[in-house]
Trainee: 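Here's a structure for you.
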Amino acid sequence: MATEPVTAEPEIPSLVDRYFTRWYKADVKGKPCEDHCILQHSNRICVITLAASHPVLQSGKTIQSISYQISNNCSRLQNKVSGKFKRENFLGNIVILFSKEIVLNSCIRGRLMEVNENILHKPSILQEKPSTEGYIAVVLPKFEESKSITEGLLTQKQYDEIVGKRMDATTATS
């Protein structure tokens, strides 16, 4: 009796992989390994997330708290988008506390549309699902800048090369 060859089920791409292009910014604001991932939709909207190599996502880290407080008088939670001409809202600093304080800055320019309030109530989703439920913010670049927004960003392949070089450098110094 002949057996039929087993064929692997085709892998179905995730919602993020189907509808968003991944871009990366390495060493945001000159901070080593503090990399961000920007998920860009065809409608220009960008979802800001942490890249897999970011220190916050490394195993053994526990987030104590997250704050969208920029200063005594400014909190990104107070940003309300009303009307199509709201222009002043840019993503500022997000403070994540564990063994040390990490300040996250936006790596692209644009109008802050939304911050993820869910990570305030359950900070662990930032680490568990950084590309989906654990996103940081949604930013809408200006129309005239939407094409050029990716000029300073890295593709997946370029980002993987940088992470590989970092690993090689770490291994060499160990």
Side-chain angles (χ1 to χ4, degrees), residues 13-143 145-146 149-150 152-154 156 159:
S14 70
L15 179 107
V16 170
D17 292 332
R18 281 187 298 211
Y19 297 110
F20 291 86
T21 302
R22 291 179 192 263
W23 296 97
Y24 294 89
K25 180 73 173 178
D27 304 331
V28 175
K29 299 280 184 183
K31 298 176 185 174
C33 300
E34 291 194 18
D35 306 335
H36 290 184
C37 176
I38 297 90
L39 304 173
Q40 185 182 38
H41 193 273
S42 59
N43 65 5
R44 299 185 356 250
I45 289 195
C46 295
V47 179
I48 310 297
T49 68
L50 296 180
S53 61
H54 197 283
V56 170
L57 301 182
Q58 303 311 307
S59 62
K61 305 279 186 183
T62 302
I63 299 173
Q64 294 174 352
S65 67
I66 295 174
S67 171
Y68 286 107
Q69 193 72 32
I70 307 303
S71 67
N72 290 337
N73 298 326
C74 183
S75 171
R76 289 300 178 216
L77 292 174
Q78 303 306 313
N79 284 3
K80 300 295 180 210
V81 177
S82 58
K84 61 182 180 181
F85 297 111
K86 187 83 170 173
R87 298 176 191 269
E88 68 224 357
N89 297 323
F90 293 94
L91 179 61
N93 301 330
I94 298 170
V95 181
I96 299 176
L97 298 171
F98 46 98
S99 60
K100 66 177 187 167
E101 181 177 284
I102 293 182
V103 178
L104 300 177
N105 296 290
S106 178
C107 52
I108 62 170
R109 291 173 34 134
R111 185 179 337 149
L112 178 63
M113 301 301 289
E114 171 184 319
V115 292
N116 185 359
E117 292 184 39
N118 294 329
I119 62 175
L120 295 173
H121 309 296
K122 189 178 177 193
S124 61
I125 63 171
L126 180 67
Q127 294 169 308
E128 295 163 5
K129 301 175 182 181
S131 293
T132 56
E133 295 170 47
Y135 71 95
I136 298 166
V138 177
V139 175
L140 179 63
K142 288 183 178 181
F143 182 76
E145 293 179 2
S146 61
I149 200 82
T150 59
L153 301 177
L154 304 168
Q156 180 76 50
Y159 177 68

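This chain uses plain numbering: 1 for the first residue, then up along the sequence. Just so it is clear, the model here is predicted, and its values are computed rather than measured.
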Trainee: For Ala52 and Tyr159, which heavy atoms make the closest approach, and how far apart are they?
Mentor: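 Reported closest heavy-atom pair: N-OH, 4.2 Å.
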Trainee: Look up atom OG in Ser124 and atom NZ in Lys129, then write down how far apart they are to the nearest 0.5 Å.
Mentor: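 The distance works out to 9.5 Å.
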Trainee: Please report the interatomic distance NZ(Lys25) to SG(Cys37), rounded to the nearest 0.5 Å.
Mentor: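 Answer rounded to 0.5 Å: 14.0 Å.
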Trainee: Could you tell me the separation between the CZ atom of Arg22 and the CG atom of Asp17, rounded to the nearest 0.5 Å?
Mentor: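 The CZ atom of Arg22 sits 5.0 Å away from the CG atom of Asp17.
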Trainee: Report the distance from atom CG of Asp27 to atom SG of Cys33, rounding to the nearest 0.5 Å.
Mentor: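 Taking CG in Asp27 and SG in Cys33, the distance rounds to 6.5 Å.
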Trainee: Could you check whether any side-chain heavy atom of Arg109 comes within less than 4.5 Å of a side-chain heavy atom of Pro141, counting everything from C-beta outward?
Mentor: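 The answer is no; the side chains never approach within 4.5 Å.
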Trainee: What class does the angle between the rings of His41 and Phe20 fall in, given that below 30° is parallel, 30 to 60° is tilted and above 60° is perpendicular?
Mentor: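 His41 and Phe20: perpendicular rings.
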Trainee: Let me confirm one number: the CG-OG1 distance from Asn116 to Thr132, rounded to the nearest 0.5 Å.
Mentor: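 Nearest 0.5 Å value for the CG-OG1 distance: 9.5 Å.
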Trainee: Testing the basics here: between Cys46 and Ile38, what is the closest heavy-atom pair and its distance to 0.1 Å?
Mentor: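 What the structure gives for the nearest pair is CB-CG2, 3.7 Å.
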Trainee: Which heavy atom of Val47 sits nearest a heavy atom of Tyr135, and at what distance?
Mentor: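 Heavy-atom minimum between the residues: CG1-CB, 3.5 Å.
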Trainee: Taking all heavy atoms of Cys107 and all of Val28, pick out the closest pair and write down the distance.
Mentor: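 Looking at all heavy atoms of both residues, the shortest contact is CB-CG2, 4.1 Å.
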Trainee: How long is the straight-line distance from CD of Glu133 back to OG1 of Thr49, given to the nearest 0.5 Å?
Mentor: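 These two atoms lie 13.5 Å from each other.
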Trainee: With the side chain counted from C-beta on, respond yes when Ile108 and Thr150 share a heavy-atom pair under 4.5 Å apart, and no when they do not.
Mentor: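 Side chain of Ile108 against side chain of Thr150, heavy atoms only: no contact under 4.5 Å found.
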Trainee: Give me the atom names and distance for the closest heavy-atom approach of His54 to Asp35.
Mentor: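 Closest approach of His54 to Asp35, heavy atoms only: CD2-O, 3.4 Å.
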Trainee: Donor-acceptor check, side chain of Arg44 to backbone of Leu140, threshold 3.5 angstrom: yes or no?
Mentor: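 Flag not set: sc Arg44 to bb Leu140 has no pair under 3.5 Å.
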Trainee: Of the non-hydrogen atoms in Val139 and Leu112, which two are nearest, and what is the gap between them?
Mentor: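 Heavy-atom minimum between the residues: CG2-CD1, 4.5 Å.
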Trainee: Decide if atom NZ of Lys31 counts as having more than 12 heavy atoms of other residues, nucleotides or ligands within a radius under 6.0 Å.
Mentor: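 Yes, NZ of Lys31 has more than 12 neighbouring heavy atoms, counting only those of other groups under 6.0 Å.
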